[in-house]
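What follows is a single structure, written as C-alpha cells, with notes after it.
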Amino acid sequence: MSNKLNHSMSLAKPDAVDISNKQKVALAIGIIGLFILTLALFNTHFPHKGLFLTLSLALIFAGTIIYSRDAYLTTLEGIKNDGVWFKSISSRGVWGWILGVILTAFYIVLYFYPQYLGLGKDGAENTGLVSLFDPLSNLLSGRNASQWFVYGTLYTVAILAFGYKFMLKYRHNRYQQLRTASVMFFQLSFAFLIPEFMYVMNSDLPYYDLKSIWPLNYYLFDEWSVKAFLSNGNIGLGLLLFGIISIFVITPILTYKYGKRWYCSWVCGCGGLAETAGDPFRHLSSNKMSAWKLERWLIHTVLVFSVVMTVAMVYSYLGYDHNTFWLTRGVFISLVMGFLTLVFAGVMYFKRHELGKDAKYGAIGYFVVIVLLVTMHLTGTSEHVLFIKGSDLRAAYGIYIGAIFSGVIGTGFYPILGSRAWCRFGCPMAAILGFQQRLFSKFRITTNGGQCISCGNCSVSCEMGIDVRAYAQKGENIVRSSCVGCGICSAVCPRGVLKLENDTMKGRINPTEILLGNNVDLMDLVNNK
Amino acid sequence: MEHIVIIGNGISGVTAARHIRKLSDKQITMVSAETDYFFSRTALMYVYMGHMTFEHTKPYEDWFWEKNSINLKKGYVKHIETKNKTLHFSEGDTLSYDKLIIATGSKPNKFGWPGQDLDGVMGMYHKQDLENLEKYAPNNKVCKRAVIVGGGLIGIELAEMLNSRNIPVTFLVREDSFWNGILPEGESTMINRHIKNHHIDLRLSNNLKEIIPDENGKVKSIIIEETGEEIACNVVGLTAGVSPNIDFIKDSDIETGRGVKVNPFLETNIQDIYAIGDCAEQHEGINGRRPIEAVWYTGRMMGETVAQTICGNRMQYNPGHWFNSAKFLDIEYQTYGWVFAKPRENESHFHWKHADDTKCITVCYDKKTNAFLGINTFGIRMQHEIFDTWLTEKKDVDYVMKHLGKANFDPEFYKTYEADIYAVFKNELQTV
C-alpha cells in the first residue's frame with residue numbers, strides 16, 4: 001500500500017465503502033429535486049411554478065433526510081467517519097473535483113452572470129431558475145425573486161437539510177446538536193425570513209441581515225446604505241447604530257466570554273454552511289506549517305484591505321465643513337487613527353510578552369494602516385483616495401474579496417480546500433474575532449494531562465487546519481486565534497483529551513513540555529529550562 | 001562530538017531524540033527498519049478505517065528532522081558489537097556510536113499455533129501489518145470473514161477496523177469475559193454486550209487450535225480448541241499481546257530477559273547502552289508497575305528521562321500515579337490509580353452503571369482507611385490532573401465521590417451523572 005491515496009477512476013463505483021439500497025433511493029430522490037432546478041435553469045417552462053418549486057425543495061429535503069436516517073440511525077451512536085478518505089467525493093477524487101467545478105461555476109454565474117440564472121434585466125420578467133422562485137418570493141415579500149433570493153433560499157435549504165444530517169451524525173453529542181440547531185435558526189430567521197419581512201414593513205430599508213456584522217457585511221457603511229438607513233427615521237438610525245454597536249461593543253464582550261465560536265460556530269451563515277453542508281469536507285483543510293504561514297498573511301491582509309476600504313468609502317462621502325455635519329473628513333480620520341492607536345498601544349502594553357515575535361508583525365501592520373490613512377487624508381480629493389477612485393477601491397473589494405474569495409473559492413472549493421477556506425484564509429470578521437480570542441478571551445481548549453496518544457484525529461478533523469495534536473501531545477492548552485470552537489476535535493478524540501471551556505484568563509496559556517503522570521522532579525527540571 | 005544512536009523511531013526513541021536535542025548539540029542518529037519517519041502507531045487503525053491517511057499519522061512534518069539535525073537512517077540492525085561500539089546492519093553497512101539507546105518496541109506474540117505463519121495471518125502492530133491487512137482484507141468480497149485471536153486492546157481495535165469495512169468478524173477470547181484480567185466484572189460484561197451490539201461474533205472461553213491452509217498456503221479456516229468447530233475465514237489476526245522486539249540483541253553481550261534488562265536509570269549491563277519503552281525490562285517493577293510496560297506514555301516518559309541522563313544529569317525513571325485510556329468501539333475508557341479486576345485484600349469496589357449500558361464507573365478504595373485508590377470510567381470523561389492531585393493528597397473515597405463532578409471532562413452541555421452516582425454510593429454505604 002502506498003501512502004498516496006489510490007482513487008478508483010471508475011465513475012460507476014468509485015467508493016470502497018458501499019451505500020445501502022435505501023441510500024441509493026434517497027440519493028435519487030434528492031437528485032430529482034435538483035434536476036427540476038436544473039431544468040428550470042435551462043429555461044424549461046413549468047406551468048405551476050409554485051408547485052414545482054415546492055416539489056423540488058421537498059424532494060431535496062426528503063432525499064437528505066431519508067439518506068441521513070439510513071446512514072446514522074441504523075448504527076450505534078458514535079463517531080461516523082468510516083471511509084471518508086476512501087470516498088471519491090470527500091477525498092479530492094473524481095467526484096470531489098466534479099462537485100467543486102459545478103459549485104464554482106454556480107458561484108461565477110451567480111455573481112457575474114445572473115442573467116444566465118434567468119434574472120430579468122432592467123425590470124424585465126424573470127425567466128429560468130429565478131422565475132421558478134418568484135412564487136415563494138411573492139409569498140414572503142410581495143416582489144419577484146432576484147438571483148440573491150434564489151441563492152438565499154438554496155443556502156437556507158442546504159443548512160437546514162444538512163444540519164439535520166449533522167445532528168443525526170452527532171446524536172450522542174449535545175454540544176454539536178445545540179450549536180447546529182443554533183446556526184439553523186439564525187439562517188432561517190435572521191438571514192432569510194426577517195429581511196424579507198423587514199422589506200414588507202418598510203421597503204426603503206436596505207437588506208440587512210442583523211447577524212451579519214461589519215467587516216463581513218462590508219457594504220453596511222456604503223454611501224447608499226447609510227443614506228437609506230438615515231432617510232428612514234428612527235428605525236433606520238437604530239439599525240445603523242446596531243451595526244456599529246455590534247462590532248465595537250457586542251462582539252468584544254461575547255468573544256471575551258465565550259471565544260469567537262459564539263459567532264463562527266453558533267450564528268454565522270458562512271460558518272453555518274461550512275458546518276452542515278461542508279461537514280463531509282472538513283478533513284481536507286491542510287494542517288501543514290506552510291498553510292498556517294499563508295493563512296496568517298492572507299487573512300490579515302484582507303483585514304487591512306477591508307479597514308482601509310471602508311474608511312476610504314466613508315471618507316469619500318464626508319465633507320470638510322464642521323457646520324454642515326460634525327463628522328468631517330478630518331474628524332473621522334482622526335477618530336479612526338485614534339481608535340487604532342488605542343488598540344495597538346493597549347495590546348503592546350499588556351500583551352507584548354505573550355506575543356513575542358508576533359508583536360513586530362503587529363507593529364508593522366499598524367504602521368502600514370496609519371501611513372495609508374495619513375496618505376489618504378493628505379492626497380484625498382472628493383473623487384480619489386490613495387490616487388485611485390474611491391468607488392473603484394470599494395468595487396475591487398466587492399469583486400475580489402466579497403465575491404471571488406468568499407463565494408467562488410470559499411464555498412466552491414469545499415471539496416478541494418476543505419469547508420472553511422474562506423473563514424480561515426479570508427474572513428476579516430474572523431480575523432478581528434480571532435485577535436480578540438487570542439488576547440482577551442476566557443475560551444480555550446483544555447487538554448487532559450498525559451492521556452494524548454498523538455493519533456492525530458483532532459488535527460485531521462480541524463476544519464481550520466490547526467495542528468491540534470501538536471498542543472495536545474505536549475499537554476498544552478489550545479489558544480489559537482483561528483479556532484472557531486466547532487468542538488469536533490474533542491468529539492473525535494478517542495482518549496477524552498480535549499475539552500472546550502470558558503474559564504479564567506489566568507493560566508490559560510500553559511506552555512509546559514513535560515506531561516502529567518511523570519516524575520515530579522523531572523517535571524520541575526524541564527519546566528525551569 | 002558525541003554520537004548518540006537510537007535504534008527505533010517510535011514514541012520512546014523520538015522523545016529521547018527530541019529532548020537530547022533540546023538539551024545539547026550532540027550528534028543524533030535514529031535508526032528504523034519500519035518507516036522513514038516517526039508515525040503514531042496508535043493511529044494505524046484509523047488509516048484502515050479511512051478516517052485519515054498515513055501522512056496524517058506523522059506528528060511532525062518531514063522537514064522537522066533535518067531542521068533539528070536529527071539524522072534518520074533506514075536499516076535493520078542485525079548485530080550490536082558492544083566492544084567496538086558498532087552496529088552491523090543486515091544491508092551490510094555499519095555505524096559506530098558513543099552512546100546507544102535501544103527503543104525497538106514490541107512485536108505481536110505468537111504461541112506456536114500450527115499455521116501461524118501462513119499468508120493472511122497477521123498481527124496489528126507494525127506498518128507492514130497494516131499493509132498486509134489492506135492486501136488480504138480490502139473489502140468483504142476478498143475477505144469473507146476474519147478471525148481475531150486474543151481479547152485485548154489490539155484485538156478489539158482490529159475488530160473495529162474490520163467492522164468498518166463490513167467484514168464479518170469472529171473474535172476468539174481465551175477468558176470467559178472480555179479483558180477481565182484487567183477489568184472488573186461489571187465493566188467487562190458491559191463491553192461483551194457492546195461488542196455483540198456491533199454484530200461481532202464474540203466467542204468467550206475459546207482458544208485457537210490451528211490455522212488450516214488452502215492449496216496456495218493461504219488461510220482457509222481455523223479450528224477452535226474447545227469445540228473443534230471449523231470456521232472458514234480469509235484473514236486471521238493474532239492479537240494475543242505483545243512482547244519486546246529484541247531478537248537481534250540476544251547474541252550480544254547485553255543482558256536480556258523477556259526484554260532488555262535495565263536498572264531504574266534505564267541503563268543496561270553494558271556502559272553507554274540504554275533501553276527504553278516497550279523493549280525495556282526493569283529488574284523489578286517500579287511503584288507497583290509491571291517490569292515491562294508496553295504503554296504509549298511510559299515510552300514517552302522513559303525517553304524524557306534517558307535524555308536527561310545522557311546529557312549529564314543522571315536520572316531515575318520514576319513515573320507518577322498510574323493512568324491509562326483506551327476506546328472499545330464507541331465506549332471510551334479511562335483509568336487513574338489502581339483498580340484491579342478483583343479487589344485485593346483490604347480493597348473494596350464501588351460500581352455504578354447507567355441504564356443505557358454504555359456508561360459505568362468503578363471506584364476502588366481501602367476498606368480500612370477509606371483511602372481512594374483508583375477509578376475506572378467508561379463513557380464519561382474525567383480529568384487527569386484532578387485525580388492525580390487527589391491520589392497524591394490521599395483523599396478518602398467519600399471526598400472523591402462527593403466531588404466527582406469537579407473531575408468531569410465531558411464536552412459542554414453533556415448530561416452529568418455525578419449526583420446520581422453519589423446518591424447510589426451513599427445509599428449502598430448505608431445498607432452495608
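Hydrogens, waters and symmetry mates are skipped; everything else that's a heavy atom, side chains included, is used. Just so it is clear: chains get the letters A, B, ... in the order the sequence lines come, proteins before strands, and each one is counted from 1.
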Cut-off 4.5 Å, heavy atoms of chain A, and the answer for B/Phe409 is both
Honestly, the part of A/Thr447 sitting under 4.5 Å from a heavy atom of chain B is backbone
Smallest heavy-atom separation, B/Tyr297 atom then A/Gly450 atom, equals CB-O, 4.1 Å
Counting heavy-atom pairs under 4.5 Å with chain B, the top scorer among A/Ala470, A/Gly78, A/Cys455 is A/Cys455
#### Entry: Note, A/Val460 side chain near B/His51 side chain (heavy atom, < 4.5 Å)
no
Turns out that what part of A/Ser454 lies under 4.5 Å from chain B's heavy atoms comes down to both
Q) Is a donor on one side and an acceptor on the other found under 3.5 Å between the side chain of A/Arg495 and the backbone of B/Glu332? A) no
d(B/Arg165 CZ, A/Phe86 CZ) to nearest 0.5 Å is 4.0 Å
In terms of heavy-atom pairs under 4.5 Å with chain A, the winner among B/Lys415, B/Met52, B/Met49 is B/Met52
Interatomic distance, CG@B/Asp410 vs OG@A/Ser490, rounded to 0.5 Å, equals 8.5 Å
Of B/His199, B/Arg41, B/His198, the largest count of non-hydrogen pairs under 4.5 angstrom with chain A goes to B/His198
Notebook entry, point to check: Do A/Lys499 and B/Pro411 come within less than 4.5 Å of each other through their side chains, counting heavy atoms only?
Noted result: no
Looking at B/Trp63, I want to see if its CH2 is surrounded by more than 12 non-hydrogen atoms of other residues, nucleotides or ligands under 6.0 Å. yes
With chain B, the option among A/Asn457, A/Val84, A/Leu178 that has the most non-hydrogen atom pairs under 4.5 Å is A/Asn457
Q. Quick check: are there more than 12 heavy atoms from other residues, nucleotides or ligands sitting under 6.0 Å from NZ of A/Lys288?
A. no
Whatever's closer than 4.5 Å to a heavy atom in chain A on B/Met45 counts as neither
Here the gap from B/Lys327 atom NZ to A/Cys493 atom SG, rounded to the nearest 0.5 Å, amounts to 8.5 Å
*If we only count heavy atoms from C-beta on, is the B/Asp330 to A/Glu77 side-chain gap below 4.5 Å?*
no
So, the part of B/Trp322 with a heavy atom under 4.5 Å from chain A: the answer is neither
- Task: Using a cut-off of 6.0 Å, state whether more than 12 heavy atoms not belonging to B/Lys135 lie near its atom NZ.
- Result: no
When the 4.5 angstrom heavy-atom criterion is applied to B/Phe39 and chain A, the contacting part is neither
Practice task
Could you tell me whether the side chain of B/Ser40 and the main chain of A/Ile453 form a donor-acceptor pair under 3.5 Å?
Solution key: yes
Side-chain donor-acceptor contact under 3.5 Å, B/Tyr336 with A/Gln451: yes
If one checks every heavy atom of B/Asn132 against chain A at 4.5 Å, the contacting part turns out to be neither
Shortest non-hydrogen pair, A/Arg469 vs B/Thr57, comes out as NH1-O, 3.6 Å
A/Asp467 and B/Pro59 have their tightest heavy-atom pair at OD2-O, 4.3 Å
May I ask you to say whether B/Glu412 pairs ionically with A/Arg261, meaning some side-chain N is under 4.0 Å from a carboxylate O?
yes
Checking the side chain of A/Asn81 only, and the main-chain atoms of B/Gly50 only, is there a donor and an acceptor separated by less than 3.5 Å? no
* Are the side chains of B/Trp296 and A/Cys452 in touch, meaning some heavy atoms are under 4.5 Å apart? -> no
If one checks every heavy atom of A/Thr75 against chain B at 4.5 Å, the contacting part turns out to be neither
Side-chain donor/acceptor of A/Arg174 to backbone N/O of B/Tyr414, under 3.5 Å = no
| query | How are the rings of A/Trp85 and B/His56 set relative to one another: parallel (under 30°), tilted (30 to 60°) or perpendicular (over 60°)? | reply | tilted
*Are any of the side-chain heavy atoms of B/Arg381 and A/Val497 separated by less than 4.5 Å?*
no
message = Just so I know, are the side chains of A/Met289 and B/Glu61 near enough to count as touching, which here means a heavy-atom distance under 4.5 Å?
response = yes
Smallest heavy-atom separation, B/Ser164 atom then A/Asp82 atom, equals CB-OD2, 3.3 Å
